[in-house]
Engineer: 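My questions all concern the structure below.
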There are 2 protein chains.
Amino acid sequence: MISTEEQILVAAKNVFHRSGYAGARMQEIADEAAINKAMLHYYYKNKQQLFRAVFMQAFGKLAPQLNAIFSGTEGIFEKIRWFTADYIDFVVENPYLPSFIIQELNNNPDFAVEFMSHDGKPNPQPFIDQLNKEIAAGTIRQINPKQVLLNIFALSAFPFVAPVMVKGLLNISEEEFEALMEERKTLIADQIIDSIKI
Amino acid sequence: MISTEEQILVAAKNVFHRSGYAGARMQEIADEAAINKAMLHYYYKNKQQLFRAVFMQAFGKLAPQLNAIFSGTEGIFEKIRWFTADYIDFVVENPYLPSFIIQELNNNPDFAVEFMSHDGKPNPQPFIDQLNKEIAAGTIRQINPKQVLLNIFALSAFPFVAPVMVKGLLNISEEEFEALMEERKTLIADQIIDSIKI
DNA sequence: AAATGGTTTAACCAAATGGTTAACAAAGAT
DNA sequence: ATCTTTGTTAACCATTTGGTTAAACCATTT
């Protein structure tokens, strides 16, 4: 049997991911957890605290993915291939995560700054240094490392951040979407590597 | 002197873009428009109607950008260079637009399907056909046109969809961000063209 | 100047919402 | 066995929120 506290967290995750902070209702979370609304406040002081727990858990899942590419010891091409495939695999299993995190960071500026100075925040500097070193050594093209990083994120994350728009515009079903994402795991890496290799 | 109805729309745009549908408060919109709350309901039946007006106006600004690349008569390379530069220029002036549209499409599934069957919805088929023709003619590489389209959107839009996350992770100021975007106007196009040209 | 019609306001209302309380049950601890 | 802590519930509360109403305002027409 799963503990009530965890039931709450699971329910809260579902509701917050589905509706965002402002759109989520405490009653809806209680219903989804099949418990009394008062229990929410027994385990978590208030909506903000509950949200914080959900958000931190969400980001806690994503952070290792980012740190892998930032701090690993592998070569750059290796890292890129590895990250894009891993990231897409992971996000297919947790489709609401990217849009949830990005939306809430956008909408709660005060929360965002507090969070951005947090310990768990991944630091891309090692990866940028690595790119600069390769550039200096002449092994890759002279491209702004921050642009490379941005491209990796953009190509990997965008379809999951804007799934409704993407499916709507491309006029594709959920299955076609997943097939596209599968194809993307190698396609993206190839394109990024092509864009930096000499 | 600007009409009250327009004052309301401007204020509503600001508040909705800032806080999203669920987070927006009618009182806040009234305050921002410096009018009585009852006026909102005099000109627009209710919150949903007001939101619809704002959303349609927002998408109405973005649609021409998309239709340009979808239905223009230019060559593909030309189109890509033109679109990326134009899109970034436009979005720098309207920074909240992409995240607003994508967020609301994600959060209001019923609204999304209704909207996706709307007339104004851009149709990418001509562009996809164009890519397929070039592939058949052997003038560009054999790449899934939908992936190309997705890449164009991802690379162009992502930084504006996740500005807080991007600025936070890359640890850059607003000015640096804008400089990056300026650089991106040509960089993105080069990369996409590189990825499809033989 | 009286009537007309659109516009604006202050006050009000019902429902929704986040949160609390007090009683009660279960489970350990003494 | 009894006391104490922890978990759970139903009822309740204060505030917020979207929305309404009726009266006042004001420009134009008659």
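Chain identifiers are assigned alphabetically (A, B, ...) following the order of the sequence lines, protein sequences preceding nucleic acid strands; residue numbering begins at 1 within each chain.
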Engineer: Return the nucleotide paired to dT29(D): Watson-Crick means purine N1 to pyrimidine N3 with N6-O4 or O6-N4, wobble means G-U with N1-O2 and O6-N3, both under 3.5 Å.
Structural biologist: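 dT29(D) is paired, partner dA2(C).
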Engineer: Specify the separation, in whole Å, of atom CG of Leu40(B) and atom P of dT8(C).
Structural biologist: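 It is 12 Å, rounded to the nearest whole Å.
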Engineer: As a test of reading the structure: which of dT8(C), dG7(D), dT20(D) is closest to the side chain of His41(B), going by heavy atoms?
Structural biologist: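 Nearest nucleotide to the side chain: dT20(D).
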Engineer: Of all the nucleotides listed (dA10(C), dT6(D), dG19(C)), which has the minimum atom distance to the side chain of Asn36(B)?
Structural biologist: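 The answer is dA10(C).
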Engineer: Could you check how far CG of Asn46(A) sits from P of dT20(C), rounded to whole Å?
Structural biologist: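 Rounding to the nearest Å, CG of Asn46(A) and P of dT20(C) are 8 Å apart.
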Engineer: Provide, to the nearest angstrom, the distance between the NZ atom belonging to Lys45(A) and the P atom belonging to dG18(C).
Structural biologist: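 Between P of dG18(C) and NZ of Lys45(A): 18 Å.
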Engineer: Once you apply the 3.5 Å cut-off to both distances, tell me the Watson-Crick or G-U wobble partner of dT6(D), or none.
Structural biologist: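 Matched dT6(D) with dA25(C) under the 3.5 Å cut-off.
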Engineer: Assign Ala24(B) to base, sugar-phosphate, or nothing according to its heavy-atom contacts below 4.0 angstrom with the strands shown.
Structural biologist: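 Answer is sugar-phosphate: Ala24(B) comes under 4.0 Å of backbone atoms only.
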Engineer: Grouping I, L, V, M, F, W and Y whenever their side-chain heavy atoms are under 4.5 Å apart, do Ile69(B) and Trp82(B) come out in a common cluster?
Structural biologist: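 Each belongs to a different hydrophobic cluster.
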Engineer: Are Val164(A) and Tyr96(A) connected into the same hydrophobic cluster when the rule is that any two of I, L, V, M, F, W, Y join if their side-chain heavy atoms are below 4.5 Å apart?
Structural biologist: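 Hydrophobic grouping puts Tyr96(A) apart from Val164(A).
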Engineer: Of all the choices, dT7(C), dG18(D), dA10(D), which nucleotide is nearest to the side chain of Lys37(B) once you look at every atom?
Structural biologist: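 Nearest to the side-chain atoms of Lys37(B), counting from C-beta on, is dG18(D).
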Engineer: Let's go through Asp194(B) and Arg141(A) carefully: what are the C-alpha distance in whole Å and the side-chain angles of both, what is the deciding distance for salt bridge (Lys or Arg N to Asp or Glu O under 4.0 Å) to 0.1 Å, and is it a yes or a no?
Structural biologist: CA-CA 14 Å; Asp194(B) 260 23; Arg141(A) 278 194 234 172; 3.7 Å; yes
Engineer: Round to the nearest Å and state the distance from Lys47(A) atom NZ to dT16(D) atom P.
Structural biologist: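 Those two atoms, NZ and P, are 15 Å apart.
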Engineer: Using a 4.0 Å heavy-atom cut-off, does Tyr43(B) contact any base of the nucleic acid, only the sugar-phosphate backbone, or nothing at all?
Structural biologist: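 Here Tyr43(B) touches the backbone only, sparing every base.
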Engineer: For the pair made of CE in Met39(B) and C1' in dT21(D), what is the distance, rounded to whole Å?
Structural biologist: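 In whole Å, dT21(D) C1' and Met39(B) CE are 15 Å from each other.
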Engineer: Among Arg18(A), Arg25(A), Lys37(A), find the residue that satisfies the salt bridge (Lys or Arg N to Asp or Glu O under 4.0 Å) test when tested with Glu32(A).
Structural biologist: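 Exactly one pass, corresponding to Arg18(A).
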Engineer: Respond yes when some side-chain nitrogen or oxygen of Thr4(A) is under 4.0 Å from OP1 or OP2 of dT8(D), and no when none is.
Structural biologist: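 Yes, because at least one side-chain N or O of Thr4(A) sits under 4.0 Å from OP1 or OP2 of dT8(D).
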Engineer: Take the protein atom CZ of Phe51(A) and the nucleotide atom P of dT17(C), then report the distance between them rounded to whole Å.
Structural biologist: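 Going from CZ in Phe51(A) over to P in dT17(C) covers 18 Å.
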Engineer: Measure from the side-chain heavy atoms of Ala38(B) and tell me the nearest of dT9(C), dG19(C), dT7(C).
Structural biologist: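 Among dT9(C), dG19(C), dT7(C), the one nearest the side chain of Ala38(B) is dT9(C).
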Engineer: Rounded off to whole Å, could you give me the CD1-to-C1' distance for the Ile8(B) and dT9(C) pair?
Structural biologist: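 Value for this atom pair: 13 Å.
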Engineer: Would you give the length of the straight line joining atom CG of Leu169(B) to atom CG of Leu66(A), rounded to the nearest 0.5 angstrom?
Structural biologist: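 Leu169(B) CG to Leu66(A) CG: 6.5 Å, rounded to 0.5 Å.
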Engineer: Quick check for you: among dT17(D), dT8(D), dG19(D), whose closest atom lies nearest to any side-chain atom of Arg25(B)?
Structural biologist: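 For Arg25(B), the side-chain atoms sit closest to dT17(D).
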Engineer: Please classify the nucleic acid contact of Met26(B) as base, sugar-phosphate, or nothing, using heavy-atom distances under 4.0 Å.
Structural biologist: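 The answer is sugar-phosphate, as Met26(B) gets under 4.0 Å only of primed atoms, P, OP1 or OP2.
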Engineer: Could you tell me how far apart Glu5(A) (CD) and dG7(D) (P) are, to the nearest whole angstrom?
Structural biologist: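 Between P of dG7(D) and CD of Glu5(A): 9 Å.
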